[in-house]
Amino acid sequence: MKVTLSALDTHESSFTPLVVIELAQDVKEETKEWLKNRIIGRKKDGGAQLLFRPLLNKYEKETLENQNLYLVGASRIRLLLGAEAVGLVKECSDNTMRAFMYGTRHNFKGFDDDNDDFLTMAERQFIIKHELESLRARDEKMIPGYPQAKLYPGKSLLRRLLTSGIVIQVFPLHDNEALKKLEDTWYTRFTLKYQPIDSIRGYFGETIALYFGFLEYFTFALIPVAVLGLPYYLFVWENYDKYVVFASFNLIWSTVILEVWKRGCASMTYRWGTLVMKRQFEEPRPGYHGVLGINSVTGREEPLYPSYKRQLRIYLVSLPFVCLCLYSSLFVMMIYFDMEAWALDLHENSRSEWTSILLYVPSIIYAIVIEIMNRLYRYAAEFLTSWENHRLESAYQNHLILKVLVFNFLNCFASLFYIAFVLRDMKLLRQSLATLLITSQIFNQIVESLLPYWLQKKQHVKVKKKVQALKADIDATLYEQVVLEKEMGTYLGTFDDYLELFLQFGYVSLFSCVYPLAAAFAVLNNLTEVNSDALKMCRVFKRPFSEPSASIGVWQLAFETMSVISVVTNCALIGMSPQVNALFPESKADLILIVAAVEHALLALKFILAFAISDKPRHIQMKLARLEFESLEALKQQQMQRVAENLKEDWREGGKEAAP
């Protein structure tokens, strides 16, 4: 029996809440009623056909605060039809991955009419979010009750409500029972073990799972470098010619681990279905604005903004601002070197224990200043990139990442390059590298996890007391959960987490022949980072909406670029060592040519390795090729059926004309 959306009931009084919508306290009743009708309305009438109810009933509203909290859910059939609409990919009974279709639901592994676990909670919440974001204005010219909040056909209602301040936030609820199970297998016991990546994916979605998968993989990949670096650190500190083997190993290592990660990532995302998931046509991002017009590609009515205006903003405002920030970073760096010189002079004059400790103070202060500048610049970069008015979210993210990576790279590594290639002070380079690495790791752990966790614990105690003081006959557990979660911070995505790993990769790979102990410190940091990030996701921030991902995206390219730069820096450092220079006492030109030749040979080896190691395992390639072949065959069958129907229709028409 075929089930259609029009047959679904949207008035169930009791349902499992998946998503919370918080409205502003002064929202008008007519606006609330209009929003409710659009959410529960039938799809054919422009609604989302979801389930919707206030957190508190009429009696409870008179007793309690937080009256403008609403719960959103969906019936089981509605979620399955939504899964088909968003193109979720599931495993079939024949072990292939295919886009889910409600009509062939019994062909998929794990599906049963009585089984509610076929879709993970993360997938269900993603479907709800998609349906809410798909709500479009039809005949409305404005949001009821707010004449200044203009609408036009095709405009996303949820985005307009958010930008108008009518909707404060929309967030998915935690499943406390499932969360507790995940925590028990993830981070509550500090033991060296693999993370439950599939469970993380089931609860938080593919994007978060890929980050934790990459963090774990990168940490294990650092162990050989850390183990190999220890004897170099302990026994052959000043013999830079012996570091050729270590540096060469690091350069091959950096290439191999990134290529092997791509293979592992392909296997994971194929198993999850996102590797073969069709990308939908990207809608304009929420902050995009312009004159209303017709999109020449989609034929839809949407804001249009001339690209030349965007380019003018980028090159006349954003680029000069970024250059000014880079100059400011270099200026702060020179102040740091003045402080280093002052501390060194003071130590030379007194030679006391106190002044020997003081030698590390400039580096520690500079490391903290770097972290503060990185965070301040991030806010400025977000504002500028938003002001540039990019139409697509992907374009916005690419421009933001480019701005932030350029500044962070210069801000974090400029002083090290200056010490290495201008001052040529290897002792100061080791000291600065160690101080920057260790200080940044401690600072990030405190700011990203420990401080937010402490603040969240205080908020949790406050909410507990408030709920215990209530005398109203309410579902205190759900009320407490919603009120507590709405006060949690919002997780802004994996950008900062990947950025931290990117900078760490730079500290380890760029100057590996000078400070081989960097990898050991990175491993120690990452072992605690796994647990602190897990704590952050589970207990500090609101649960983020799941986002399907097939890879770590532009970060793969960023890491590969860093590994190429590391080839150049390590070859140059080895070429500058006294031991290597002693081999060419008369002709420095020969030394430069040999160093350049070695560098080119290593780069060639690097690219040969990248080419030789395929991005996807053979069995994944075969499965993808099989799916593509079947898709082409199905398309041919459809075309043949269409041609046959047309011929049949023509024959009938011809028969009618021939009849007397």
How many angstroms lie between [atom1] in [X] and [atom2] in [Y], if you round to the nearest 0.5 Å?
X	Y	atom1	atom2	result
L527	N531	CG	CG	8.5 Å
I197	L215	CD1	CG	8.5 Å
L400	R378	CG	CZ	6.0 Å
L359	T435	CG	OG1	10.5 Å
F521	L433	CZ	CG	10.0 Å
L503	N374	CG	CG	7.0 Å

Would you indicate whether the side-chain heavy atoms of [Y] and [X] approach each other to under 4.5 Å?
X	Y	result
S254	F559	no
Y418	M334	yes
I442	N525	no
F212	W186	yes
P544	F171	no
L162	R159	no
Y194	E216	yes
I365	V369	yes

Flag the pair [X] and [Y] as a salt bridge only when some basic side-chain nitrogen lies within less than 4.0 angstrom of an acidic carboxylate oxygen.
X	Y	result
D497	K536	yes
K309	E388	no
K606	E560	no
E371	R375	yes
R201	E206	yes

If we ignore hydrogens and angles and just use 3.5 Å, is the side chain of [X] paired with the main-chain N or O of [Y] as donor and acceptor?
X	Y	value
Y515	L517	no
D615	K262	no
S532	E529	yes
S549	S551	no
K616	R263	no
W253	A221	yes
Y217	I257	yes
N444	S440	yes
Q556	W261	no
N408	V404	yes

Quick check: are there more than 12 heavy atoms from other residues, nucleotides or ligands sitting under 6.0 Å from [atom1] of [X]?
X	atom1	result
F421	CZ	yes
F417	CZ	yes
Y327	OH	no

Run the ring-centre check on [X] versus [Y] and record whether the distance is less than 6.0 Å.
X	Y	result
F337	W342	no
F409	F413	yes
Y498	Y211	yes

K542/Y491 under side-chain contact (heavy atoms from CB on, under 4.5 Å): CA gap, chis, key distance, verdict: CA-CA 7 Å; K542 292 185 189 76; Y491 182 66; over 6 Å; no
Geometric cation-pi criterion, R543 with Y203: 6.0 Å, 45°: yes
Compare every heavy atom of [Y] with every heavy atom of [X], then report the nearest pair and how far apart it is.
X	Y	result
K403	T385	NZ-OG1, 3.2 Å
L210	A550	CD1-C, 4.3 Å
S386	Y396	N-CE1, 3.6 Å
T207	E547	OG1-O, 2.6 Å
L602	C571	CD1-SG, 3.7 Å
A266	T269	O-OG1, 3.3 Å

Candidate pair T528 and L524, rule side-chain contact (heavy atoms from CB on, under 4.5 Å), full reasoning: CA-CA 7 Å; T528 58; L524 292 174; over 6 Å; no
Donor-acceptor side-chain pairing of [X] and [Y] below 3.5 angstrom:
X	Y	result
N250	N570	no
E340	S363	yes
Q504	N526	yes

Worked check of side-chain contact (heavy atoms from CB on, under 4.5 Å) between Y187 and D533: CA-CA 9 Å; Y187 72 90; D533 281 355; over 6 Å; no
Worked check of side-chain hydrogen bond (donor to acceptor under 3.5 Å, both in side chains) between S432 and Y366: CA-CA 10 Å; S432 298; Y366 183 52; over 6 Å; no
Worked check of side-chain contact (heavy atoms from CB on, under 4.5 Å) between Y305 and R391: CA-CA 8 Å; Y305 188 77; R391 179 182 177 274; over 6 Å; no
